[in-house]
Amino acid sequence: MTTAQTEVPQWRRTSQNPEDRTPVISVRRLWKVFGPKAEQVPQSEELCGLSRRELMDRTGCTAAVRDVDFEVSPGEVFVVMGLSGSGKSTLVRCLTRLIEPTSGEVVFEGEDIRGADARRLRELRRRKFSMVFQHFGLLPHRKVVENVAFGLEIRGMGRGERMRRAREVVELVGLAGYENSYPDQLSGGMQQRVGLARALAGDPEVLFFDEPFSALDPLIRRDMQNEVIRLHHEVGKTMVFITHDLTEALKLGDRILIMRDGKMVQCGTGDELVGAPADDYVRDFVQDVPRGDVLTLRWIMRPAQDDDALDGPELGPDVVVREATRAVLAAEKPAKVVENGKLLGIVGDEEILAVVAGQQGGA
Amino acid sequence: MAAVADTSGPVATWRQKVTRPMAVGAILVAWLVLFAVLRGRQTLTLAAADLTSLHRWLNDVNDTVGAGRDSNPLFLYFFNEIRLAIDHLVTFVQSLISQPTAGRPVPQIGWLGVVGIAGYLSWAVGNWRVALLAVAGFTFFGLQGLWQESMDTLALTLSAVLVALLIGIPLGVWAGLSDRCNKIMTPFLDFMQTMPTFVYLAPLTLVFLIGGASAVITTVIYAAPPAIRITAHAIRSVPATTVEAADSLGTTRRQQLLKVLLPLSQRTVVMGVNQTIMAALAMVTIAALIDAPGLGKTVVQALQSLDVGTAFNAGLAIVVMAIVLDRVTTAAAGRADTARRTGGALVRWRRPLLAAGGIGTAFLVYVSHTYVYAAEFPGDGTAGTHIASWADTATTWLQDHLSGLTNAVRDVITYGLLNPFQTLLTDSPWWLVGLTLVALGAVLGGRRAAVTAAVCVGLLVGTGLWSDGMTTLASTAVATVLVMLLGAVFGVWMGRSALVDRLVRPTLDAAQVMPPFVYLVPFLALFGATRFTAIVAAVVYAAPVAIKIIADGVRNVPESTVEATTSVGCTTWQIITKVQLPVARGALTLATNQGLIYVLSMVVVGGLVGAGALGYDVVAGFSQGQLYGKGLAAGLAIVLLGVMFDRITQAAARRTRA
C-alpha cells in the first residue's frame, strides 16, 4: 500500500509493498525491563498488567519496552515515534542488542539475534547493521575520513581500501572537501553527516537512526531529512528511524509505530494514523497535522448516491487530498474515486473543503 | 560530663527547635564551664623522653623485625626482593646522571648531556618555549653548585614516577572499565590521600630500611593514587555515545580500549602524569627525613642547623625543578591539540627536525660521557654562594628591621589565639575533650561521624600521646581558622570578579605545585624557629586549596539568583553574606575539610622548625633509636586526627548539601 506524500513523491515509488516480501526484521513480544529480577516481569501475567507506576512501586522495576510486535520489510523506512521516556530509544537498541532485551524475539533474516554469541553479534554489527546516534558519537581525535573508515578498520580492511571507500561515502553525504577536518571543526549538521557516512560506509543491510536530527537547528534538520530521503532513494537501504517529531515521522516513514510508556499504541501508514487514530492519545498527537497533506481520497470519499452525477473527473483512491483539491473544486460535478476501473466512491467540494479548511472531516 | 551528654543526646528529637549553631555553642559553653572546674586533672601529659609500654613494644617490634630481616621468609622472598628491585632501578638511574659508577669518577652522562636530553625531550613532548625553560632551569642547578643534589632528586623522582605509572595507569584503566574494581579501589585511594604524607615514612623504614629504595617506595605510594584516579576518571568520562557508537560498529573489547577509550583519554592521562610527577617530587624531597639523597637532604640539614641561606638556595633549586617539570608536562598535555591546529609546514618539518635534534642530543651525551669539561659542571657554584649569602643578608636585615612587626604578629596570634586554645585543650581532662569532640561530631556530622570520633579519641589515648596530640590539634585548629579566613576573603573576591580570578589563580596554581618543604624556609627567616613558623607555613600551604574551592563555590551560585537579589536592592555586603556564602556553604565545608587535611600534613614538617608535639615526635623517631616507637605512635596519632577531621567535615559537607 503506497502512502502519499506531496513533498517527495518520487522516492515513495522506491519503497516496496511491504506485504509482498519476507520481513527483514521481525520483533515478537519484545520486553525490556530495568531493575532487580527484571526477567520475572514479562513471565508474570499479573505484573504485565500493571501500569508503569504500579510496577515501579510493586517491584522496583521499570518496563521500558512492553510486549512490542512489528515487522520491517526490505527497503522500508520504519519510524518509531513517541515522546521522551516512551521507550523508543531502548527499543532500537534492543534490536542490535546494544541493550540486552529481557524477553521476546528479534528475528533478522530468519535468525533470532538474541541467540547470537558475542562473536556472531559483532559480525552482525560489522556487516549487517549500523546506527546513527543523536549525539553523533564521533571520535574527536580522528579526521572525518578516518571516522568514516572506523567501521571498516575494525573489521580488518586494509588502509588503502578503506580510505578509498570512506572518501566515496564522504562524497555521497555531501562532505567532499572536509575529509581532513576534525569533527569539532564542523557544524552539528555536518557532524551528523559524518555519522551518516560512517553508518553507510560498511554497506549494511539495515540502518538504525536514533533521533539523529533532534539536536540540530530546524533548518538544518530539514536539510538532513531531505538528505536521508535522497540517500534512501539512492542506496535503498532498510531504515529504522526513531523520532519524537510527528512531522518528521510523517515525512520519512512508510509506516509509523507510535509508542507510549513502552507499549505500542498504533502501527500504520501516515494516513492511517491521521485518518483512523487508534485512541485519544494518537488523536491528540495528529490533531495539528495539516490533514490535506496526509489524507488520501480513500479516507474522505463517500458512497455514490443515486442523485449523484457520475460524469465528473476520475481520480485514484491514493491521491492526496491537497493534490486533488484543484481538480475537484474546478469540476462542476463531484469527482469519482476509481481503482482498477471500479467505482469506490465520490468526492465533492464539501468533502474536500472539510479537510482543507481544517474541520473535523474525513473518516 | 552529664551536661555534655545532655546537649548532644536530645539533639535528634529537638532538631526542629535547636539549630546546629546553637547546639555547637551549647557544647562549647559546657566545655568551658567544666574546664574551669576540672582544669589540670587527668591531662595525660608525657614528657619528651618518656615512653609508654606501647612505644617500648613498638621499639621491640622494630628490633625483632630488624633481626629477622634476613631470615624471615616474608622478608627474604617478598619485601627484600621488592627493595632489591627498586634499589637496582634507583642505582641504575643514579649511575646514569648523578653518581659516579664503575670506576668512573663521574656519572655516565655528564651535565651537558643531561641538559641536552632535558631540552630535547621538553621540545619533543611540549614546545620550544618549555625546552628553553628546561635548559635554563637545569643550567641554573649547576650554577647554584647543586648539580649532583639536583640530579639525585631527579633520579629518585624519575624512578618513582616510572614505577608509579607502571602500576597506576593499568590499575586506573581497570578501575575505569570495571565498576567493581573502582568500588574496591576508591576507599583505599581516599585513605591514602587523606593520610598526611609523612606518616608512612616510619612504618616503611621498618620494612624497607632507610635510603633511596624506601624513599622511592614511599613516593610511589604517594604518587600512584593521582595516576590511578585520573586515568580511571579519564576512561569513565569518554562520552557514552562514542562508546556505544563503537559498539554498534562491532568493536571487540580490545579494539574499544585501544582505538576509542585510550586515545580519547590520552590528554587527561597526561595531566595525571603531571600530577604524579609533582607529587613524586614533593615526596622525594620530604623523604630526606629517611635519608634519601638529593636537594631535600640539603634543606633538612640546613633547617636543622637554622642555616637559612643554604636552605634557601636548595629550596630555590626545588622550586625551579618543580616549575620546569610542571611546565613541561602541562605543555605535553596541551600539545596534541595545538599541533593539529597549526598544521602545514611545521608538521611537515617536525620529523626531520626531531631526527636532527635527536642526533644533536646523542652527540652531547657522547661528549659529556667522554670529556671532563662536559661531565662535571664547570665553576664552583658561586651563584649558589651568592644566593645563600644574599638570603642570609636579607634574613638579617628582615630580623633587624622588621622584627618589631613580625614579632607583633607572632605574639598577637600566639598569645591571643594559640596559647589560650592550647591551654584549653591540653589542660582539660582527656575525657572532657573527647566528649566534646564526639558531641561536635554528632551535631555536625551525625551518628556515624560521632562513632568515628569516639573510636579515634579512644585510639589516640591508646597511643599514649594524648597531650602532644592536643597541642598539635590546637596548632592545626588555629591554622585552619586562618586558612578559612584567607579562603573566605580571597575566595569571595575571586568568585565575584573574573579579573581578580585571572590574576590570582596562576599564583595559587604555582603555590600548589611547590613541595611543602620549601614554604618553611622564608618563614623561618621571618619568624625564627617557633611553633608560629610552622603554623604560618601550614597556612600558606593550605590556603590555595581552600581559596580555589570557595572561589568556585561562589562562582557557581546561579547568575539569576544573584541578579534577583540585586534587583530587590541588596547591597554588595548583603549579597555576599545572605546569598553567595549561604548558597556556597557546601563549598565552605569542603574547603574546611581540605584545609584541615593540608594543614595537618604540614605538622610533621613543622616539627623540623620547632613546632614540637606530634611533629617533633615523628622527626625525633627517625633520628633516635630509642624514640622510634614513640615516633611511630605519633605518626599513628596524626593519622587518627586526620581521619577524625576528615570524617566529621565530610559528613558535615554531605549534610549541608542535602
Side-chain angles (χ1 to χ4, degrees), chain A residues 89 92-93 95-99 116 118-143 146-156 180-185 191-192 194-195 198-202 204 206-212 215, chain B residues 125 169 173 176-180 183 230-231 233-273 332-348 350:
Chain A
S89 289
V92 76
R93 281 169 173 73
L95 301 187
T96 58
R97 283 177 58 194
L98 283 173
I99 292 179
R119 174 184 291 268
R120 174 67 189 148
L121 188 61
R122 268 206 306 277
E123 204 47 38
L124 284 170
R125 288 175 181 171
R126 287 180 181 184
R127 310 270 171 187
K128 303 286 189 180
F129 308 141
S130 61
M131 190 153 168
V132 180
F133 295 86
Q134 181 178 6
H135 298 293
F136 324 139
L138 302 177
L139 299 171
H141 63 290
R142 286 168 172 245
K143 294 172 182 170
E146 291 167 339
N147 261 295
V148 173
F150 184 67
L152 305 173
E153 180 183 338
I154 57 169
R155 34 160 117 153
N180 292 321
S181 305
Y182 285 89
D184 55 356
Q185 296 168 322
Q191 289 190 38
Q192 194 55 293
V194 180
R198 179 177 61 187
L200 286 170
V206 185
L207 279 165
F208 296 98
F209 294 82
D210 180 27
E211 300 202 39
Chain B
V125 303
I169 289 184
V173 170
L177 293 175
S178 146
D179 284 332
R180 187 183 303 168
K183 218 174 265 170
I230 294 177
T231 307
H233 171 74
I235 297 271
R236 269 165 199 279
S237 34
V238 171
T241 330
T242 313
V243 177
E244 199 177 35
D247 249 342
S248 81
L249 291 164
T251 45
T252 58
R253 269 181 81 82
R254 197 181 143 78
Q255 285 173 328
Q256 176 104 252
L257 185 65
L258 293 181
K259 289 178 192 283
V260 179
L261 294 174
L262 285 181
L264 287 194
S265 33
Q266 185 193 356
R267 204 186 128 92
T268 316
V269 172
V270 175
M271 273 155 62
V273 173
R335 215 204 110 69
D337 281 355
T338 47
R340 195 171 88 191
R341 304 271 171 236
T342 49
L346 264 172
V347 173
R348 202 154 9 98
R350 193 170 152 77

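Chain A is the first sequence line, chain B the second, and so forth, proteins listed ahead of strands; every chain is numbered from 1. As a basis for the values below, the full set of heavy atoms in this structure was taken, side chains included, without hydrogen atoms, waters or symmetry mates. Note that the structure is predicted; figures quoted are calculated from it, not measured.
With a 4.5 Å cut-off on side-chain heavy atoms, K259(B) and E153(A) count as touching.
Scanning all heavy atoms of the two residues, the minimum distance from A245(B) to G137(A) falls at CB-O, 3.7 Å. The two residues F150(A) and A246(B) make their nearest non-hydrogen contact at CE2-CB, 4.1 Å. Looking at every heavy atom in both residues, T251(B) comes nearest to R122(A) through O-CD, 3.5 Å.
Checking R125(A), R198(A), R126(A) one by one against L249(B), the side chain to side chain contact (heavy atoms under 4.5 Å, CB included) holds for a single residue, R198(A).
Summarising the geometry, atom CG belonging to L258(B) is positioned 12.5 Å from atom CD1 belonging to I154(A); distances are rounded to the nearest 0.5 Å. Residue D247(B) holds its CG atom at 9.0 Å from CG of L121(A), rounded to the nearest 0.5 Å. Separating the OG atom in S248(B) from the CZ atom in F208(A) is a distance of 10.0 Å, to the nearest 0.5 Å.
Of the listed residues V238(B), V243(B), T252(B), the one with more heavy-atom pairs under 4.5 angstrom with chain A than any other is T252(B).
Contacts of Q255(B) with chain A are made by side-chain atoms alone, with heavy-atom separations under 4.5 Å and no backbone atom involved. Contacts of R93(A) with chain B are made by side-chain atoms alone, with heavy-atom separations under 4.5 Å and no backbone atom involved. In this structure, chain B has a heavy atom under 4.5 Å from the side chain of L98(A), while its backbone stays farther away.
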